[in-house]
A.B. asks: 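Before we start, here is the structure in question, set down as structure tokens.
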Amino acid sequence: MNNIDEKLQPIFADVMRRNHGEPEFLQAVQEVLESLGRVVAKHPDYIEQALIERICEPERQIIFRIPWVDDQGKVQINRGFRVQFNSALGPYKGGIRFHPSVNVGIIKFLGFEQTFKNALTGLPIGGGKGGSDFDPKGKSDGEIMRFCQSLMTELHRHLGEQTDVPAGDIGVGGREIGFMFGQYKRLNNRYEAGVFTGKALAYGGSRARTEATGYGNTYFVKAMLETKNSDFDGKRVVVSGSGNVAIYTIKKVQSFGGTVIACSDSSGYVVDEAGIDLDLLRDIKEVRRGRIVEYAQEKGGDVHFIPAEKGSIWDVACDVAMPSATQNELSGKDAKKLVSNGVVAVGEGANMPCTPEAVHIFQNAGVLFAPGKAANAGGVATSALEMQQNASRDSWSFQKTEERLASIMQGIHDTCAATADEYGAPGDYVLGANIAGFVRVAEAMRMLGVI
Ligand code: NDP
């Protein structure tokens, strides 16, 4: 069962027929189509011109072999993906993910979401996503480098600063981007700084890019709270994950006076009622590349670690929940628990971390709910600012870049809120984000002919 308007049912049936076996992609398409009934009532030509079908079909999908040699001299094989989803607004733009769960359906869902997210920023960037089923955990620096070089040896021919511009995602941070950009530069014999974002400052990166996704989500939730004359001050906040997005969410929430009492990785979560010690967390995760249990071991006292099989981080009572790990990490059951514990706002730092059931529970309970395609758009928005700096051979201060980020996030918040009002669903940020993102892409596609 779904809540898609009857005029759009044949389109969804066709998407299901052509993409069966890709549940995450179908989930992402369903969520967008459920918001579009009111749009096609106003613009029947979106159906007549097959704009929705075209938006649901990636422009190009690339799947390739990645052979590499491990430290024991053994040949390993992984699979690489790049889905160039939509270039109506600009070059394809979206991160690369390294995680054993990666498959074409997951990359398609991420590329589809990315298309609308990038449109919401108001910046000239299309949507794409890539990745590999490579597991970076436990690999040496040498293995990571050889893997990244092999991936780029194939992928480089499909990239370019006017064509397709990747960045990081799960399992891909500054180290991996450096190795991939280095190999791209070598193969092309060009210093094309704008072909990658998330670069280190030393070779063309932007200040505040590393912080941008977590900071951006925090700005978005702050804007939602302000509509209820509230703020982060004194609030108990739970942030899942302990990677790039989670760490900078924790930092910004703390600067706004909130107390982050729990965070996690895939092995379990820690609760520190005094507030997460960010220096210790960063040392464990960014320097030692360790596991979250080490946080509890080193803190001792009342700080405890709960393994993933013994409970969910969403059992921890909080005012604000900011899921920042991965897709479908917050279930309907988790949402019920959060609501019964009095949660007032949820901001999706990760892509699609809440299941559809969880989203409905939050919305029906009147919880302020920020969907990832709006709330975590600060990362890609700052990537676009990095591209601007590369194009003009310039480097902005942290303050200037963060001010631009803050104003972009406020703009996205206001666009989603105004669109929800216009379509008769005040306070529904999911509907607002889906419609505003979709309409921007659809209007551009309409002007470009049948493409
Ligand atoms: P990182 O690799 O830096 O961190 C991911 C974190 O999530 C780790 O703590 C990881 O734990 C945890 N995690 C990953 N998979 C699972 C899983 N299956 N179950 C439980 N925990 C898991 O990635 P990012 O912080 O960059 O990305 C997090 C999310 O944010 C993703 O959904 C990504 O698509 C999204 N995002 C990221 C942006 C960015 O700029 N980086 C931009 C916009 C969205 P462990 O180490 O144990 O695997």
Side-chain angles (χ1 to χ4, degrees), residues 24 28 93-102 106-107 109-114 116-118 120-121 127 129-131 134-139 166-177 197-199 205-206 208-217 220 239-250 262-270 281-282 284-286 288-295 307-309 312-314 322-331 334 347-354 370-384 386 405 409:
E24 293 86 0
K93 181 87 198 84
I96 292 187
R97 174 177 293 192
F98 292 167
H99 194 273
S101 64
V102 163
I106 287 184
I107 299 300
F109 120 65
L110 290 164
F112 182 75
E113 290 278 295
Q114 193 81 45
F116 303 111
K117 179 189 308 190
N118 294 2
L120 278 174
T121 67
K129 200 83 187 188
F134 174 74
D135 186 357
K137 280 202 196 80
K139 303 289 191 299
D169 192 76
I170 290 179
V172 177
R175 175 181 57 169
E176 293 74 17
I177 287 171
T197 62
K199 300 182 296 296
S206 171
R209 173 61 188 91
T210 311
E211 293 82 356
T213 307
Y215 279 21
N217 187 22
F220 196 103
V239 178
S240 62
S242 48
N244 171 267
V245 178
I247 283 174
Y248 293 100
T249 301
I250 296 171
C263 63
S264 64
D265 65 18
S266 58
S267 63
Y269 65 98
V270 289
L281 183 69
R282 291 184 65 177
I284 293 169
K285 285 291 173 182
E286 294 181 337
R288 292 186 256 156
R289 298 186 190 272
R291 308 303 295 155
I292 200 79
V293 67
E294 294 165 40
Y295 181 93
E309 58 282 7
S312 157
I313 190 172
W314 309 117
M322 302 177 80
S324 306
T326 194
Q327 65 272 1
N328 292 327
E329 55 160 308
L330 196 162
S331 66
D334 295 326
E348 290 190 321
N351 285 310
M352 210 168 74
C354 299
K373 65 170 74 68
N376 71 33
V380 74
T382 309
S383 278
E386 183 174 335
L405 167 67
M409 293 316 297

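Just so we're clear, the structure is a prediction, and the values are computed from it rather than from any experiment. Each ligand, and each atom within it, is numbered from 1 in the order the structure gives.
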A.B. asks: Would you mind checking which non-hydrogen protein atom is closest to atom 27 (O) of ligand 1, with the distance to 0.1 Å?
C.D. replies: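 Scanning the protein heavy atoms, the shortest distance from atom 27 (O) of ligand 1 goes to I170 CG1, 3.7 Å.
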
A.B. asks: May I ask you to test the E24-E113 pair for a side-chain heavy-atom distance under 4.5 Å?
C.D. replies: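 They are not in contact (no side-chain heavy atoms under 4.5 Å apart), so the answer is no.
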
A.B. asks: Starting from atom 2 (O) of ligand 1, find the nearest protein heavy-atom neighbour and note its residue, name and distance.
C.D. replies: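 The closest one turns out to be G171 N, 2.8 Å.
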
A.B. asks: Between ligand 1 and N351, is the shortest N or O to N or O distance under 3.5 Å?
C.D. replies: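 For ligand 1, there is an N or O atom that lies under 3.5 Å from one belonging to N351.
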
A.B. asks: Using distance alone, decide if ligand 1 has a nitrogen or oxygen within less than 3.5 Å of any nitrogen or oxygen in S324.
C.D. replies: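 No.
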
A.B. asks: If you count the atoms of ligand 1 from 1 in the order shown, which ones are under 4.0 Å from a heavy atom of S242?
C.D. replies: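 In order of numbering, the contacting atoms are 9 (O).
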
A.B. asks: Do I292 and S267 come within less than 4.5 Å of each other through their side chains, counting heavy atoms only?
C.D. replies: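 Yes; the side chains approach each other to less than 4.5 Å.
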
A.B. asks: Measure the distance from atom 18 (N) of ligand 1 to every protein heavy atom, then report the residue, atom name and distance (to 0.1 Å) of the closest one.
C.D. replies: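 The closest one turns out to be T326 CG2, 3.6 Å.
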
A.B. asks: Taking side chain as C-beta onward, heavy atoms only, is T121 less than 4.5 Å from K93?
C.D. replies: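 When only atoms from C-beta onward are counted, K93 and T121 do not touch, as no gap falls below 4.5 Å.
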
A.B. asks: Report the nearest protein non-hydrogen atom to atom 47 (O) of ligand 1: residue, atom name, distance rounded to 0.1 Å.
C.D. replies: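 In this structure, atom 47 (O) of ligand 1 has S266 OG, 2.5 Å as its nearest protein heavy atom.
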
A.B. asks: Using a 4.5 Å cut-off on heavy atoms from C-beta on, say whether the side chain of E329 contacts that of W314.
C.D. replies: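 A side-chain contact under 4.5 Å exists here.
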
A.B. asks: Considering both backbone and side-chain atoms of S267, is one of its nitrogen or oxygen atoms within less than 3.5 Å of a nitrogen or oxygen in ligand 1?
C.D. replies: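 The answer is no, given that S267 and ligand 1 share no N or O pair closer than 3.5 Å.
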
A.B. asks: Under 4.0 Å from any heavy atom of H99, which atoms of ligand 1 are there?
C.D. replies: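 Reading through ligand 1 atom by atom, the close ones are 15 (N).
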
A.B. asks: Starting from atom 12 (C) of ligand 1, what is the nearest protein heavy atom, named by residue and atom, and what distance separates them?
C.D. replies: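 So the nearest neighbour among protein heavy atoms is A325 CB, 3.8 Å.
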
A.B. asks: Does R291 have a heavy atom less than 4.0 Å from any atom of ligand 1?
C.D. replies: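 Yes, R291 has a heavy atom closer than 4.0 Å to ligand 1.
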
A.B. asks: Going by the order shown, which atoms of ligand 1 are within less than 4.0 Å of some heavy atom of G241?
C.D. replies: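 Checking each atom against G241, I get 9 (O).
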
A.B. asks: Measure the shortest side-chain to side-chain distance between L405 and E211 over non-hydrogen atoms and say whether it is less than 4.5 angstrom.
C.D. replies: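 Answer no - side chains too far apart.
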
A.B. asks: Please write down residue, atom name and distance for the protein heavy atom closest to atom 42 (C) of ligand 1.
C.D. replies: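 Nearest protein contact, heavy atoms only, for atom 42 (C) of ligand 1 is T213 OG1, 3.3 Å.
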
A.B. asks: State, without any angle test, whether D334 and S331 hold a side-chain donor-acceptor pair at a distance under 3.5 Å.
C.D. replies: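 A pair is found: one side chain offers a donor N or O, the other an acceptor, under 3.5 Å apart.
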
A.B. asks: If the contact criterion is a heavy-atom separation under 4.0 Å, does Q327 count as touching ligand 1?
C.D. replies: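 Outside the 4.0 Å threshold, so no.
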
A.B. asks: Numbering the atoms of ligand 1 from 1, which are under 4.0 Å from a heavy atom of R209?
C.D. replies: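 Those atoms are 40 (O).
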
A.B. asks: Only heavy atoms of G349, strictly under 4.0 Å: list the atoms of ligand 1 that pass.
C.D. replies: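 The atoms of ligand 1 under 4.0 Å from a heavy atom of G349 are 30 (O), 35 (C), 44 (C).
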
A.B. asks: Is the shortest side-chain heavy-atom distance between S242 and L281 below 4.5 Å?
C.D. replies: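 Side-chain contact under 4.5 Å: yes.
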
A.B. asks: Quick test: of every protein heavy atom, which one is nearest to atom 48 (O) of ligand 1, and how far off is it to 0.1 Å?
C.D. replies: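 Among all protein heavy atoms, the one nearest atom 48 (O) of ligand 1 is K137 NZ, 3.0 Å.
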
A.B. asks: Enumerate the atoms of ligand 1 whose separation from the nearest heavy atom of R97 is less than 4.0 angstrom.
C.D. replies: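 With R97 as reference, the close atoms of ligand 1 come out as 31 (C), 32 (O), 33 (C), 34 (O).
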
A.B. asks: Under the 4.0 Å line, does any protein heavy atom show up next to atom 31 (C) of ligand 1?
C.D. replies: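 Protein heavy atoms within 4.0 Å of atom 31 (C) of ligand 1 - there is at least one.
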
A.B. asks: So that I can tick it off, tell me whether E286 and R282 are bridged by a salt bridge, with the cut-off set at under 4.0 angstrom between side-chain N and carboxylate O.
C.D. replies: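 Between E286 and R282 there is a salt bridge, with a charged N closer than 4.0 Å to a carboxylate O.
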
A.B. asks: Quick one: does E386's side chain have a donor or acceptor within less than 3.5 Å of a partner on G198's backbone?
C.D. replies: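 Pair found, side chain donor or acceptor close to backbone of G198.
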
A.B. asks: Please report which non-hydrogen protein atom sits nearest to atom 24 (P) of ligand 1, along with the residue it belongs to and the distance in Å to one decimal place.
C.D. replies: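 For atom 24 (P) of ligand 1, the nearest protein heavy atom is V245 CG2, 3.9 Å.
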
A.B. asks: Taking the side chain as every heavy atom from C-beta outward, state whether R289 and R175 have any pair of such atoms under 4.5 Å apart.
C.D. replies: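 Contact flag for R289/R175 side chains = yes.
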
A.B. asks: With K139 as the cation and F134 as the aromatic partner, state whether NZ or CZ is under 6.0 Å from the six-membered ring centre and within 45° of the axis.
C.D. replies: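 Yes, K139 sits over the ring of F134.
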
A.B. asks: Looking at side-chain heavy atoms only, is the closest gap between V245 and N217 below 4.5 Å?
C.D. replies: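 The answer is no, as the side chains (C-beta and beyond) never meet within the 4.5 Å cut-off.
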
